[in-house]
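A short worksheet on the structure shown next.
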Amino acid sequence: MTSGQRGDLERDLRAALDELAPAPDPGTLSTVTRRIAATPQRAVGTRQWPPTWRAMALAAAGVVAGVGVGLSVARLIDESPSVSGPASTADAHASAHVTLRPSASRPPAAAHDRDADWERLDLPDPAPGVFGGGTPGDIIEFGDAFVIVGSARGHCASDIHAPPDNCSINLAALTSEDVYQAAAAWVSDDGRRWELIASDSFDGGQMRHAATDGHRIVATGALLDPLGTERGAALWVSPDGRTWEMVTSDGPVPEHVAWTAHGWIGVRNTQALEAGRYVDAGPQFLRSDDGISWQITAEPDETGQGRVEDLAADPAGTTVIAVGYEEAVNEEGALDSSTAVVWRTLDGQVWERAPDQETFMIGPPSITYMFGVTATASGWVALGIAANSGDYDSGAWTSADGL
């Protein structure tokens, strides 16, 4: 499958998901797209772009939507008081990327709270009365509050459902376009009652990740057109989670950021045109003193090919780990293999790539992806998926040193 065909598939899949449920987080959408795109080629070889991808996208969307219903924002509680949440609610899909850390003002639950469980809490809907809804992308703790960043998408067109009552009126209240696309943010003082934040800087945006240095929040994402096609990376900053400004810069814009002992560390993925198709050329690592203006510290020719999906610092902030994957495609553009990839820096300037190792290549053929990483008291834990007898299994890797 060529990159253009894969882009068509992703747009069809996004449209199908908009009809069935709020849009998925970017990682879920990319994973499903890769799986649909790759599996037929490995099974039957090169084939023409079939007219049935729409049906396959609908089927995959049903699966993702079903999974998403169980992924609404929740918090571990040690008692069950009545919920006095917002009057307007919608299914909220939380991504697997969570940077919530315990606060000194919130002691952990006592050891006897063994019967504590999770309670579902719906977020205020940023696109009420239309198809679509809000999609959380990341959650952080900032001061005495929690901040969620994400996106909202809405429309009234559907091939399989009648639009909601007054859908066109509700959509017109959001946008003059046929599709509403905007970044979104929610703030809570207790993790239970959430406030939807509005900002003119959100128009056309999609927030995916967030980090904080304790003084400001930096959120990364992209600007999208009404069809959902990415127009470029975007970055927002906020002093409190409620007031947001989109940063405009002539310099590089990171896709992932982390606050460290070396200042702000960021990374963006680059692409190169090879044999008429775009491939991941390798990550470009960045550094910033303020989270707004960024300088390049390592280029793809130093880091090697691959794509970064997450970035994290250890508790001291001195060691930073980036995880992702490297894909290989054949002459027809079909996926041949993929391997997990890890990078590490000890000073925020010089990056080293972890050596190839058996645990990164689960196969054959190896179809292995790392999507998330976090630091622990004893090292690192990374999360991802790998092919197993034609299906995908989720799993974790551990490392003492990140290499």
Side-chain angles (χ1 to χ4, degrees), residues 21-26 28 65 67-103 105-106 109 116-154 170 173-174 180-203 205-212 214 216-221 236-246:
D25 65 275
T28 301
V67 172
V69 169
L71 293 179
S72 294
V73 172
R75 185 181 176 205
L76 187 63
I77 57 174
D78 54 14
E79 55 185 32
S80 300
S82 60
V83 177
S84 56
S88 176
T89 61
D91 289 336
H93 295 216
S95 77
H97 182 81
V98 178
T99 53
L100 181 62
R101 289 184 172 83
S103 167
S105 62
R106 297 184 184 85
D117 59 7
W118 290 87
E119 177 185 353
R120 168 177 166 155
L121 303 172
D122 289 342
L123 297 175
D125 189 355
V130 299
F131 289 127
T135 303
D138 202 358
I139 180 171
I140 62 170
E141 189 171 9
F142 183 74
D144 293 328
F146 301 103
V147 179
I148 292 175
V149 300
S151 61
R153 188 172 175 84
N170 296 329
L174 298 170
Y180 173 63
Q181 176 67 53
W186 298 262
V187 176
S188 173
D189 292 332
D190 59 6
R192 302 181 60 84
R193 299 166 180 84
W194 291 88
E195 174 189 356
L196 177 66
I197 305 301
S199 172
D200 291 340
S201 71
F202 290 170
D203 291 348
Q206 182 184 72
M207 289 181 179
R208 297 169 180 169
H209 307 287
T212 180
R216 67 163 38 128
I217 302 169
V218 175
T220 59
W236 293 260
V237 295
S238 172
D240 54 11
R242 289 179 167 84
T243 303
W244 290 88
E245 177 184 356
M246 188 172 70

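Atoms considered below: every heavy atom in the structure, side chains included; atoms not considered: hydrogens, waters and symmetry mates.
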Quiz item: S199: what forms a side-chain hydrogen bond (donor to acceptor under 3.5 Å, both in side chains) with it, not counting sequence neighbours?
Solution: S201
Quiz item: Where the side chain of S151 meets the backbone of A182, is there a donor-acceptor pair that is under 3.5 Å apart?
Solution: no
Quiz item: OG1 of T135 to CD1 of I148: how many Å apart, nearest 0.5 Å?
Solution: 11.5 Å
Practice problem: May I ask you to test the Y180-P126 pair for a side-chain heavy-atom distance under 4.5 Å? | Solution: no
Self-check item: Under 3.5 Å: donor-acceptor pair, side chain of D138, backbone of A210
Solution: yes
Quiz item: Of all heavy-atom pairs between L196 and P124, which one has the smallest distance, and what is that distance?
Solution: CB-CB, 3.9 Å
Quiz item: Partners of E195 by salt bridge (Lys or Arg N to Asp or Glu O under 4.0 Å), sequence neighbours excluded?
Solution: R242
Exercise. With sequence neighbours left out, write down each residue that passes side chain to side chain contact (heavy atoms under 4.5 Å, CB included) with A185, or none if nothing qualifies.
Key: I197, F202, W244
Practice problem: To the nearest 0.5 angstrom, please state how far the CG atom of D189 sits from the CG atom of D144. | Solution: 8.0 Å
Self-check item: Taking every non-hydrogen atom, the tightest pair across V149 and A219
Solution: CG1-CB, 4.3 Å
Quiz item: Any idea which heavy atoms bring V147 and V187 closest together, and the distance?
Solution: CG2-CG2, 4.3 Å
Exercise. Evaluate the side-chain proximity of F146 to W186: yes if any heavy-atom separation is below 4.5 Å, no if none is.
Key: no
Quiz item: With a 4.5 Å limit on heavy-atom distance, are the side chains of Q206 and R153 in contact?
Solution: no
Quiz item: Would you find a donor on one side and an acceptor on the other, under 3.5 Å apart, between the side chain of Q181 and the backbone of G205?
Solution: yes
